[in-house]
Amino acid sequence: IMLHSPLALSLLLIAVSSNLAMAIKKEKRAPQTLSRGWGDEITWVQTYEEGLYQAKKSNKPLMVIHHLEDCQYCQALKKAFAENEEIQEMAQNNFVMLNLMHETTDKNLSPDGQYVPRIMFVDPSLTVRADITGRYSNRLYTYEPQDIPFLIESMKKALRLIQTEL
């Protein structure tokens, strides 16, 4: 096409730049895929190995959330987790955070079975804290949406243990 008129040229430029802006906006959101809805302001590590490394390096506990996309209990917990300001703030500032949709090879992360949702803590000495549990005796590391206060307590316990033990 021959672009003789300034109007045609400016329309072409507008079309190109708005497509570019949309592409850039999409690009900017890309890193948040690791949150998978658990909290977009939180910095998430990608793998368990990276989580262990960061925990040791930063002297922060690693919080590992096992979940599955098609699990209604996981979805409900995720919503409560993402909406709780205290949890989000602690997760951002005091923890190395990892959420996994597959099992790790570390059997210490499934001491009582491979169920979801399951939340476990690993301290900076790389010890899986089997002593930080929720309130169910049949699934020690599960939390339900109404258990958010217990999860907050578990997070605080993980932080206290670092101060007292390491």
Side-chain angles (χ1 to χ4, degrees), residues 27-166:
E27 203 48 47
K28 230 178 98 184
R29 278 184 37 216
Q32 281 319 327
T33 51
L34 285 179
S35 90
R36 299 186 181 98
W38 290 88
D40 285 344
E41 300 305 312
I42 297 168
T43 305
W44 297 89
V45 293
Q46 202 157 359
T47 63
Y48 183 54
E49 293 66 31
E50 185 191 347
L52 294 174
Y53 173 78
Q54 292 293 346
K56 199 176 181 80
K57 197 175 89 165
S58 65
N59 199 36
K60 292 177 177 177
L62 167 64
M63 182 173 177
V64 184
I65 305 171
H66 285 95
H67 64 105
L68 292 171
E69 207 51 59
D70 56 1
C71 155
Q72 63 180 6
Y73 305 104
C74 300
Q75 293 296 344
L77 180 62
K78 179 195 297 190
K79 187 176 183 321
F81 186 98
E83 288 172 359
N84 186 284
E85 279 179 39
E86 190 175 0
I87 284 183
Q88 291 292 308
E89 191 177 318
M90 278 197 288
Q92 280 170 49
N93 301 319
N94 309 111
F95 287 85
V96 175
M97 297 295 296
L98 171 66
N99 71 75
L100 288 177
M101 300 201 329
H102 57 83
E103 284 297 332
T104 62
T105 51
D106 186 344
K107 295 293 164 241
N108 296 313
L109 284 179
S110 51
D112 65 341
Q114 297 186 338
Y115 51 85
V116 290
R118 188 168 85 250
I119 299 180
M120 298 198 69
F121 297 91
V122 184
D123 71 29
S125 74
L126 307 188
T127 305
V128 175
R129 299 309 308 219
D131 53 345
I132 303 178
T133 57
R135 62 189 196 130
Y136 305 101
S137 55
N138 60 335
R139 291 185 167 197
L140 292 175
Y141 308 98
T142 203
Y143 296 85
E144 295 185 352
Q146 67 271 23
D147 302 332
I148 288 295
F150 290 92
L151 182 55
I152 291 171
E153 272 318 301
S154 292
M155 292 172 81
K156 288 179 177 170
K157 184 175 178 184
L159 293 172
R160 273 197 310 273
L161 285 171
I162 289 179
Q163 284 145 15
T164 56
E165 291 184 11
L166 300 179

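In this text the structure is predicted, and so the values were computed from the model without any measurement. Excluded from the calculations below are hydrogen atoms, water molecules and symmetry mates; all remaining heavy atoms, backbone and side chain alike, are included.
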Task: Non-hydrogen atoms of Glu69 and Gln75 that approach each other most closely - done: O-NE2, 2.6 Å
TODO: First locate atom CG of Leu140, then atom CG of Asp131, and finally report the distance between them rounded to the nearest 0.5 Å.
DONE: 11.0 Å
Task: Residue pair Tyr143 / Ser154, side-chain donor-acceptor N/O under 3.5 Å - done: yes
Open item on the list: side chain to side chain contact (heavy atoms under 4.5 Å, CB included), that's the test. Do Leu77 and His67 meet it? Break it down for me.
Closed with: CA-CA 10 Å; Leu77 180 62; His67 64 105; over 6 Å; no
Task: Glu153/Arg135 ion pair, N-O < 4.0 Å - done: no
Task: Distance under 6.0 Å and angle within 45° of ring axis: Arg118 vs Tyr115 - done: yes
Open item on the list: Between Asn84 and Ala80 (side chain of the first, backbone of the second, donor and acceptor by atom type, cut-off under 3.5 Å), is there such a pair?
Closed with: no
- [ ] Find the distance between CG (Asn99) and CH2 (Trp44) and round it off to the nearest 0.5 Å.
- [x] 4.5 Å
Task: Closest non-hydrogen atom pair, Ala55 against Pro124 - done: O-CB, 3.5 Å
TODO: Check whether any side-chain heavy atom of Val96 lies under 4.5 Å from a side-chain heavy atom of Tyr53, and answer yes or no.
DONE: no
Open item on the list: If I compare all heavy atoms of Met101 with all of Leu68, which pair ends up nearest, and what's the gap?
Closed with: O-CD2, 3.6 Å
Task: Exam field: side chain Tyr141 to backbone Ala130, donor-acceptor pair closer than 3.5 Å - done: yes
Open item on the list: Return the CD1 to CG distance between Ile152 and Asp147, rounded to the nearest 0.5 Å.
Closed with: 11.0 Å
Task: Least distance between heavy atoms, Met155 atom then Ile87 atom - done: CE-O, 3.9 Å
TODO: Given side chain to side chain contact (heavy atoms under 4.5 Å, CB included), test Leu161 with Ile132 step by step and report yes or no.
DONE: CA-CA 10 Å; Leu161 285 171; Ile132 303 178; 3.7 Å; yes
- [ ] Please round to the nearest 0.5 Å and tell me the distance separating atom CD1 of Ile119 and atom CG of Leu98.
- [x] 11.5 Å
- [ ] Carefully, step by step, assess Gln54 and Leu62 under the rule side chain to side chain contact (heavy atoms under 4.5 Å, CB included).
- [x] CA-CA 8 Å; Gln54 292 293 346; Leu62 167 64; over 6 Å; no
TODO: In plain terms, say whether Glu50 and Lys57 are close enough for a salt bridge, that is, a side-chain N and a carboxylate O under 4.0 Å apart.
DONE: no
Task: Spacing of Lys156 atom NZ and Met90 atom CE [to the nearest 0.5 Å] - done: 5.5 Å
Task: Sub-4.5 Å side-chain heavy-atom contact between Lys60 and Asn93 - done: no
Open item on the list: Heavy-atom count check: over 12 atoms from other residues, nucleotides or ligands less than 6.0 Å from Gln146 CD?
Closed with: yes
TODO: Check Pro61 against Ile162 and note the closest heavy-atom contact, atom names and distance.
DONE: CD-CD1, 3.0 Å
Open item on the list: Evaluate Leu151 against Met63 for side chain to side chain contact (heavy atoms under 4.5 Å, CB included), listing each step before the verdict.
Closed with: CA-CA 11 Å; Leu151 182 55; Met63 182 173 177; 4.0 Å; yes
Task: Whether Phe81 and Trp38 hold their rings parallel, tilted or perpendicular, with breakpoints at 30° and 60° - done: perpendicular
Task: Rounded distance [0.5 Å steps], CD in Glu103 versus CG in Leu109 - done: 8.0 Å
TODO: Answer yes or no: is there a donor N or O on one side and an acceptor on the other, between the side chain of Lys78 and the main chain of Arg36, under 3.5 Å?
DONE: yes
Task: Cys74 to Cys71 - nearest heavy-atom pair and separation - done: SG-SG, 2.7 Å
